[in-house]
Amino acid sequence: MKTIFYWVILSIICGFTLTIASCSDDDDVTSLSAPGDIKYSDISSNSFKVTWTADPNATSYIVKIKDEWRELTDKTQTVSEPSATFTGLESENKYWVAVCSTTANASSASPFSKWIAVKMPEGSVARTFASGEGTEQYPFIIKTAGQLKLMAYLVNKTNEIKNTQAILATDQDEIEIEMDPTIDYTKAYYELGNDIDMSGVNDWTPIGTGLDNENIAMPEKNMFSGSFDGKNHTIHNFTINYSSNNTSAMCGLFGLSKSGCTISNLNVEGDITAVHTGTQETANYLVIGGILAYGYQAVITNCTFKGSIRASFTTDTDGTSIVGGICGTILGTINQCTVNIPASSEFIVNGATPQVGAIAGYGNSGYITYCKAVVDGSILAESKPIDDSREYGSARAHAGGICGASSGSSIGACDVTINGSIHAKSKKSSEEGSISTSAAVGGVSGSYAADMFGNCNILIKGSLKAEADNSVDVGGAIGSQVRAGYGCSALHVTILGEIAGTCSNSGSSSDATYVGGVYGTGSFQMGGISDSDVTLKGKITAEHPQIAMAGGIAGSTSTLTRCWTNIDTNALLSVKGGTAGASCGGITANLLSGGIYGCYTVCRGTMQATSETASGRNSINIGGIAGAASGTMRARKILTGCYSLIEGSLTGNGETVFAGGIVGMSNAYTNMNSTYWWSASDAIKGHSGIIGESDVFKMQDSSQASLEEAAQEMNIALKDSGYGYFFYREKDKCLNITTTLP
């Protein structure tokens, strides 16, 4: 008894506490064992479930939790089953859980298990960035989908505060997001810290929404003007499913930019679907870009997009959809960017005037340079629905390998590979409609009206096609060039597949189908097409019930210099016209104005022009260089230093046919200087038309000796005019043109 008494006194003096039964990390209780096999499940941003192996001798368990700073005693639980659920936790925090087994009334307890860690995921919006201060030296670092959504939230919230001039609440999903009042998040610097998987994000709001602008052409609200560097990381599984009636709807990773915006070194892989539900009461726009929807004075460099984009209108017959893999509308610079549309993917847009391109939908101003597009899948612009009840109006679809349409963006040094298809379609839904429909397709751009264009390579293994009721323009590079720009150069097109334009009806006398290996139609403010070539191993075809034109370089264009067409053995250059005839030419079907200098055609395949209804002045015109080149007293048509070798077939079928080794339809105001030709068919003459048939400048044969003899005469004329000179190229068994004198 005295021993026990002294022990109690000693315990009090030394500060010990006598406990009959307790749970602690160091308790040595052998009747129960510490729980094992602790596992976590049902983990969300603010809760999780923890389980462990049951102890048959235990009647309950004590579960405690701690974070990086302290034990959360208010969350300690006593449970009867081997599981517990913790809620009300903070996203992105790390927690530890330990468990001990106890018997009834806690009369006996095991030691606590080891602390087992669990990392909470972020919520839909992260609370903070991985690091950084938003400055150029210390940019905000983004490593997760939630942090990317945080960027969008902060940029858009800053815009909202600017617009309302008020301090707004910053609470979302029960997670407080702190905004530093000293930072303008719309102008800050951001970087990706690693690849990001967006597969769990289905409600993306663009960074810079672009909403509430009265005029889409002069945006001023809800923009992003900062800097975003992807550091060559990839945003995977990016998804947008949009449906709304906003007047100017913008969809993309970024929505609307402002002067100062730079986006660089970023890869995006995703799927974007947007449906506009607006009505005809207002002018509605649907602008979509895989990277940026509306690039107002933006600079986009070294970015890529891979995937699908779809844009449509449900009820609005006048809505405009503008879609591009990098940018929907660009008023800035796109440089060194790439878009890949896989075989299973598609860019499909509709509306009254849809515009879609692999890189950009519409080029308003600036530059698109050193870009690349690989179209293994499909690009389709379709003008629908079209309200046939209207008594007037028009609908036009634009599609291109780089840009759907451009009125001010200069394009240069771009490569396009089309293994799939690029199509444009504009059709009335019934014959009763009086709307004029047209379509334009180009390997680079459907329609073009910018100052400079050139140095592009286009490989067409699949198809470029345009279909409409009234008129179409299709070109291996450009569908239609309006009266703007200063010419183009160094466009190289290889056609293994098909370029085709088809119209089914005819309205005004100006309706036509124009198809060319480089240009469908080309009308320039100054200059023309130079140093460009087409290798045709597939088909170029044009068809129209009124008039159709197809050319190796152009359907109809102004001045051409140092251009050539090689029509391979099994290739076809074909045109089928109607009441107003048809024209086909190895270089151009119709010389609209100016002249043709130092150009040549080598045809080892088939050139043909037909029309079942043309008669009289509405003739069939086909020529080795030009189908028609009829001048006037004030505007003579000139061919200088050109030649053609017709080793294959050149034929015209119809009531009135003008066929020539050089020109089909010509007249007294057509000047031909040192322009040579040879045909395997004795039925072909050099030129015909009003001035009659002629064998002038016909070579004896296609041998090297004959070609080099002709080259001497052509070079005299070309050198005096500064257009270069011809030399014999052994591998092609023909003369080649160059600007460099020996």
Side-chain angles (χ1 to χ4, degrees), residues 122 124 126 141-152 190-208 224 228-242 250-255 257 262-274 287-293 295 298 300-311 323-328 330 334-349 356-361 370-380 401-402 415-420 422:
E122 62 190 4
S124 59
I141 304 300
I142 297 170
K143 293 186 175 182
T144 66
Q147 291 170 5
L148 192 60
K149 292 197 73 174
L150 174 64
M151 177 187 174
Y190 303 85
E191 288 184 4
L192 288 188
N194 47 243
D195 291 356
I196 294 178
D197 185 357
M198 298 284 283
S199 57
V201 179
N202 298 314
D203 57 345
W204 179 254
T205 299
I207 301 167
F224 174 70
F228 187 93
D229 189 344
K231 292 296 182 180
N232 295 315
H233 291 300
T234 301
I235 297 176
H236 298 279
N237 302 310
F238 178 70
T239 302
I240 294 179
N241 287 291
Y242 173 90
M250 299 183 187
C251 297
L253 180 66
F254 293 83
S257 70
T262 62
I263 303 171
S264 60
N265 309 315
L266 174 64
N267 308 306
V268 175
E269 297 179 359
D271 191 302
I272 301 174
T273 299
V287 186
I288 302 175
I291 302 294
L292 172 62
I300 308 173
T301 306
N302 193 34
C303 292
T304 73
F305 179 81
K306 179 180 180 181
S308 293
I309 301 178
R310 306 170 192 88
V323 169
I326 298 297
C327 191
I330 182 65
I334 302 176
N335 184 48
Q336 295 180 308
C337 291
T338 300
V339 169
N340 188 331
I341 305 175
S344 58
S345 299
E346 58 193 9
F347 281 18
I348 296 181
V349 302
V356 56
I359 299 295
Y370 298 100
C371 291
K372 181 178 181 181
V374 180
V375 183
D376 293 326
S378 62
I379 294 177
L380 171 63
I402 294 294
D415 289 343
V416 179
T417 300
I418 304 164
N419 297 313
I422 301 179

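For the single chain, residues carry numbers from 1 onward in sequence order.
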Item to check | Contact check, side chains of Phe228 and Leu192, non-hydrogen atoms, under 4.5 Å | outcome: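 They are in side-chain contact.
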
Next on the checklist: For a quick test of reading the model, state the closest non-hydrogen atom pair linking Leu292 to Ala298 and the distance between them.
Outcome noted: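 Looking at all heavy atoms of both residues, the shortest contact is CD2-CB, 3.8 Å.
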
Checklist entry - Going from CD1 on Ile402 to CD1 on Ile359, what distance comes out if it is rounded to the nearest 0.5 angstrom? => result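 Those atoms lie 5.0 Å apart.
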
Next on the checklist: Suppose we screen for side chain to side chain contact (heavy atoms under 4.5 Å, CB included). Which residues come up paired with Asn267, at least two apart in sequence or across chains?
Outcome noted: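 By the side chain to side chain contact (heavy atoms under 4.5 Å, CB included) rule, Asn267 matches Thr234, Thr304.
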
Checklist entry - Hey, what's the ring geometry for Phe224 with Phe254, parallel, tilted or perpendicular (30° and 60° as the breaks)? => result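 The arrangement is tilted - the two ring planes meet at 30° to 60°.
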
Checklist entry - What heavy-atom pair brings Cys251 and Pro206 nearest, and what distance separates the two atoms? => result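 Closest approach of Cys251 to Pro206, heavy atoms only: CA-CG, 4.4 Å.
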
Next on the checklist: Run His233 and Asp195 through side-chain hydrogen bond (donor to acceptor under 3.5 Å, both in side chains) and show every step you take.
Outcome noted: CA-CA 5 Å; His233 291 300; Asp195 291 356; 3.2 Å; yes

Next on the checklist: Side chains of Thr301 and Thr262, heavy atoms from C-beta outward: is any pair under 4.5 Å?
Outcome noted: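 No, too far: nothing below the 4.5 Å cut-off.
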
Checklist entry - Nearest heavy-atom pair of Thr144 and Ile196: which atoms, and what distance? => result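 What the structure gives for the nearest pair is O-CD1, 3.6 Å.
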
Checklist entry - Given the rule in the side chain to side chain contact (heavy atoms under 4.5 Å, CB included) test, do Ser264 and Asn302 qualify, once you have shown the distances and angles that lead to the verdict? => result CA-CA 6 Å; Ser264 60; Asn302 193 34; 5.6 Å; no

Next on the checklist: Minimum heavy-atom separation for Ile300 and Cys327, please, with both atom names.
Outcome noted: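 Taking Ile300 first and Cys327 second, the nearest heavy atoms are CD1-CB, 4.2 Å.
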
Next on the checklist: Let me confirm one number: the CG-CD distance from Leu380 to Glu346, rounded to the nearest 0.5 Å.
Outcome noted: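 Reported value, rounded in 0.5 Å steps: 8.5 Å.
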
Checklist entry - Which residue, Asn241, Ile288, Leu253, forms the side chain to side chain contact (heavy atoms under 4.5 Å, CB included) with Ile272? => result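 The residue from Asn241, Ile288, Leu253 that satisfies side chain to side chain contact (heavy atoms under 4.5 Å, CB included) with Ile272 turns out to be Ile288.
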
Next on the checklist: Quick check for you: to the nearest 0.5 Å, what is the distance between Asn265 atom CG and Lys231 atom NZ?
Outcome noted: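 Asn265 CG to Lys231 NZ: 7.0 Å, rounded to 0.5 Å.
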
Checklist entry - Where does the angle between the aromatic ring planes of Phe305 and Phe347 fall among parallel (under 30°), tilted (30 to 60°) and perpendicular (over 60°)? => result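 Answer is tilted, since the angle falls between 30° and 60°.
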
Checklist entry - Under the side chain to side chain contact (heavy atoms under 4.5 Å, CB included) test, which residues partner Ser344, sequence neighbours left out? => result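 Partners of Ser344 by the side chain to side chain contact (heavy atoms under 4.5 Å, CB included) criterion, ordered by chain and then number, come out as Pro342.
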
In a table with atom names and distances, give each donor-acceptor pair under 3.5 Å that connects a side chain of residues 370-378 to protein atoms at least two apart or in another chain.
residue, atom, partner, partner atom, Å
Asp376, OD1, Asn419, ND2, 2.6

Checklist entry - Quick one: does Trp204's side chain have a donor or acceptor within less than 3.5 Å of a partner on Gly252's backbone? => result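 Present.
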
Next on the checklist: For Lys143 versus Asn194, what's the shortest heavy-atom pair and its separation?
Outcome noted: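 Where Lys143 meets Asn194 most closely, the heavy atoms are O-ND2, 2.9 Å.
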
Checklist entry - If we only count heavy atoms from C-beta on, is the Ser308 to Asp271 side-chain gap below 4.5 Å? => result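 Counting from C-beta outward, Ser308 and Asp271 do come under 4.5 Å.
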
Item to check | Flag side-chain contact, heavy atom, 4.5 Å: Glu191 against Ile141 | outcome: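 SC-SC contact between Glu191 and Ile141 confirmed.
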
Item to check | Shortest non-hydrogen separation from Ile263 to Cys303 and the atoms involved | outcome: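 In this case the closest contact between Ile263 and Cys303 is O-SG, 3.7 Å.
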
Checklist entry - Can you find a heavy atom in the side chain of Asp203 that is under 4.5 Å from one in the side chain of Lys149? => result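 Touching, per the 4.5 Å side-chain cut-off.
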
